[in-house]
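Notes follow once the structure below has been shown.
A, B, ... follow the sequence lines: proteins, then strands. Residue 1 opens every chain.
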There are 2 protein chains.
Amino acid sequence: MSHTLGAREAQKQQTRRALLDAGLRLLENQSLSSLGLREVTREVGVAPAGFYRHFRDMGDLGVALVAESLGSLHAMIRAILAEQDDAEEVIAHSVRLIALHVRDHRPHIRFIARERHGGVQAVREAIAAELSLFADEVAEALGTQPVAQGWSPEDVHMLAELYVDRMLTTAIAFMEAPADDTAAEEGITQRARKELYLIHLGRRHWLDT
Amino acid sequence: MSHTLGAREAQKQQTRRALLDAGLRLLENQSLSSLGLREVTREVGVAPAGFYRHFRDMGDLGVALVAESLGSLHAMIRAILAEQDDAEEVIAHSVRLIALHVRDHRPHIRFIARERHGGVQAVREAIAAELSLFADEVAEALGTQPVAQGWSPEDVHMLAELYVDRMLTTAIAFMEAPADDTAAEEGITQRARKELYLIHLGRRHWLDT
DNA sequence: TCATCCAGTAAACAGCTGTTCGCCGAGTTG
DNA sequence: CAACTCGGCGAACAGCTGTTTACTGGATGA
């Protein structure tokens with residue numbers, strides 16, 4: 001849809017983008033439920049009333065940011081799941097991918113971390129729904145792997161949720177590290193690898209009785 | 001200190017408690033950075049100016065809530081660490097303890113979940129510091145266990161952080177479940193046990209090379 | 001070309017916010 | 001009993017908030 005959007009629609013989308021970007025920028029030091037409509041429009045250089053041409057309210061803008069933030073993560077997860085090397089290689093590569101993703105999308109990750117349990121219900125629910133989809137996707141991928149033979153579907157899903165949770169936690173750890181503190185990043189990388197490897201070991205011995 | 005506190009000081013503490021309680025109550029549906037000073041004093045029935053007799057600002061009140069929220073968790077963690085049964089018993093008991101704790105302190109857990117990555121720096125730092133202490137405590141307890149022989153201190157600490165993180169995640173899951181949905185609680189219990197057991201398996205085989 | 005659409009505007013609205021001030025009066029102290 | 005301390009009060013401050021209203025003027029489509 002909207003192959004060739006008129007100049008009219010194009011400018012509207014541009015303003016919308018500016019609003020989303022300004023919101024994300026302002027959310028670096030506060031949470032969504034304290035972010036003001038006027039604050040955002042002022043940052044963009046638009047009249048307050050103009051906000052309503054794009055969003056019903058701040059929660060609405062928040063939900064849009066969720067889709068944007070977790071949409072890009074989706075691609076990353078698919079890339080990780082496509083791996084077929086041995087465990088340690090997959091783990092190392094995954095952690096590296098997460099670090100790169102955070103480097104390029106730090107404000108988005110901060111937003112997700114902050115609003116996952118934040119004060120705006122609609123946003124919480126949007127994040128929970130997306131993360132649930134991630135878990136389903138990971139579970140499906142895990143199910144096809146030979147290591148998962150003999151596993152009950154519930155156990156596979158439990159493992160998928162554990163992986164998703166660890167990935168998000170690792171991403172948040174990278175996000176909280178100072179902008180170019182390579183030593184801190186290295187420490188986080190090491191710990192994340194060990195955690196994932198420990199889980200991998202548990203996974204190997206899950207059916208040992 | 002303060003064995004026998006005068007009637008004057010006693011009433012002051014009572015007002016302080018009322019402010020903290022009102023704050024916690026109001027934080028059920030919003031985050032700290034959007035909680036207003038007047039909102040809190042109105043809820044208590046105190047003049048706005050009275051707030052400053054107890055707290056410098058809202059961040060200050062938030063830090064007080066952190067100490068209160070994680071202080072009670074401290075006792076719970078000590079109880080869990082004192083266990084000496086076999087793994088499955090310890091796990092089952094731990095998860096049961098967490099569920100009970102959340103039942104009795106739901107608003108506190110909600111507060112920690114919401115503000116751990118929230119918009120108020122001082123509160124984020126207070127929570128991070130307390131959780132770091134938890135991890136140290138768990139690491140020390142793990143170090144004395146026979147299973148940990150041959151482990152490097154870094155690996156022990158990684159495992160401790162993983163445990164603390166899982167406990168908090170489980171607590172948050174219980175907190176988010178509807179108030180008396182026993183089916184949901186049972187599901188969370190099952191999953192938490194499996195996760196912890198999987199980590200336990202990984203732990204047993206950590207030194208297998 | 002001309003009527004229609006609609007993103008963005010400026011102004012006004014009532015209502016809220018944090019913070020400061022001087023004051024009161026009960027609890028404490030000597 | 002007198003002097004003092006100090007938690008809580010009421011009023012006032014400037015400044016901010018979300019939302020509605022009627023409007024303008026450039027892109028759109030017949």
Side-chain angles (χ1 to χ4, degrees), chain A residues 1-23 25-27 29-65 115 118-123, chain B residues 1-23 25-27 29-65 115 118-123:
Chain A
M1 56 183 77
S2 77
H3 333 240
T4 41
L5 61 175
R8 176 134 198 86
E9 184 69 11
Q11 288 211 340
K12 176 169 183 180
Q13 292 306 320
Q14 191 174 326
T15 303
R16 187 186 140 100
R17 263 255 58 81
L19 288 169
L20 288 168
D21 290 344
R25 209 175 315 130
L26 292 166
L27 283 172
N29 297 305
Q30 61 188 311
S31 50
L32 187 64
S33 67
S34 71
L35 179 60
L37 175 156
R38 295 182 102 104
E39 213 175 333
V40 176
T41 55
R42 193 186 313 131
E43 176 91 356
V44 174
V46 162
F51 183 89
Y52 297 103
R53 301 286 182 198
H54 303 273
F55 305 102
R56 200 183 315 262
D57 53 27
M58 269 310 200
D60 200 16
L61 181 142
V63 170
L65 282 177
E115 302 304 330
V120 183
Q121 191 183 26
V123 172
Chain B
M1 54 183 75
S2 76
H3 332 240
T4 42
L5 62 175
R8 178 131 200 85
E9 185 69 11
Q11 288 212 338
K12 176 170 185 181
Q13 292 306 321
Q14 190 174 327
T15 303
R16 187 186 141 98
R17 266 253 57 81
L19 288 170
L20 288 168
D21 290 345
R25 208 176 315 131
L26 292 166
L27 284 172
N29 296 306
Q30 61 187 312
S31 51
L32 187 64
S33 67
S34 71
L35 179 59
L37 175 155
R38 295 182 103 104
E39 213 175 333
V40 176
T41 56
R42 192 186 315 130
E43 176 91 354
V44 174
V46 162
F51 183 88
Y52 297 104
R53 301 286 183 198
H54 302 273
F55 305 103
R56 200 182 315 261
D57 53 27
M58 270 310 210
D60 200 17
L61 181 142
V63 170
L65 282 178
E115 302 304 330
V120 184
Q121 190 182 26
V123 172

Measuring only between side-chain heavy atoms, which start at C-beta, is [X] closer than 4.5 Å to [Y]?
X: L61(B); Y: F51(B); answer: yes
X: H54(A); Y: K12(A); answer: yes
X: E9(A); Y: Q13(A); answer: yes
X: L26(A); Y: E43(A); answer: yes
X: L35(B); Y: Q30(B); answer: yes
X: T15(B); Y: Q11(B); answer: no

Below 4.0 angstrom, N of the basic side chain to O of the carboxylate: do D21(B) and R17(B) qualify?
yes
Ignoring hydrogens and angles, state whether a donor on the side chain of S34(B) or S33(A) is under 3.5 Å from an acceptor on the partner side chain.
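Yes - a donor-acceptor pair under 3.5 Å links their side chains.
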Between A64(B) and L20(B), which heavy-atom pair has the shortest distance, and what is it?
CB-CD2, 3.9 Å
Taking every non-hydrogen atom, the tightest pair across G36(A) and M58(A):
O-CE, 3.3 Å
Using a cut-off of 4.0 Å on non-hydrogen atoms, how would the nucleic acid contact of G36(A) be classed: base, sugar-phosphate, or nothing?
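Touches sugar-phosphate only.
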Using a heavy-atom cut-off of under 4.0 Å over every strand shown, decide if R42(B) touches base, sugar-phosphate, or nothing.
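Here R42(B) touches the backbone only, sparing every base.
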Between atom [atom1] in [X] and atom [atom2] in [N], what is the gap in whole Å?
X: F55(B); N: dT19(C); atom1: CZ; atom2: P; result: 14 Å
X: R17(A); N: dG8(C); atom1: CZ; atom2: P; result: 14 Å
X: L61(A); N: dG18(D); atom1: CG; atom2: P; result: 12 Å
X: E39(B); N: dG18(C); atom1: CD; atom2: C1'; result: 13 Å
X: E43(B); N: dC16(C); atom1: CD; atom2: C1'; result: 17 Å
X: L19(A); N: dG8(C); atom1: CG; atom2: P; result: 8 Å
X: K12(A); N: dG25(D); atom1: NZ; atom2: P; result: 21 Å
X: F51(B); N: dG18(C); atom1: CZ; atom2: P; result: 9 Å

With the criterion being N/O to N/O and under 3.5 Å, what pairs connect the protein with nucleotides 19-22 of chain D, and how long is each?
residue, atom, partner, partner atom, Å
dT19(D), OP2, Y52(A), OH, 2.5
dT19(D), O5', Y52(A), OH, 3.0
dT19(D), O4, R38(A), NH1, 3.3

Per the side chain to side chain contact (heavy atoms under 4.5 Å, CB included) rule, which among L19(A), V63(A), L37(A) passes with F55(A)?
L19(A)
Using nucleotides 28-30 of chain C, report all nitrogen or oxygen pairs with the protein that are shorter than 3.5 Å.
residue, atom, partner, partner atom, Å
dT28(C), OP1, A7(B), N, 2.8
dT28(C), OP1, R8(B), N, 3.1

Could you write out DNA chain C as a dot-bracket string, with dots for unpaired bases, | for bases paired across to another strand, and Watson-Crick or G-U pairs counted at under 3.5 Å?
||||||||||||.||||.||||||||||||
For T15(B) and dG8(D), is the shortest distance between a side-chain N/O and OP1 or OP2 below 4.0 Å?
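Result: yes.
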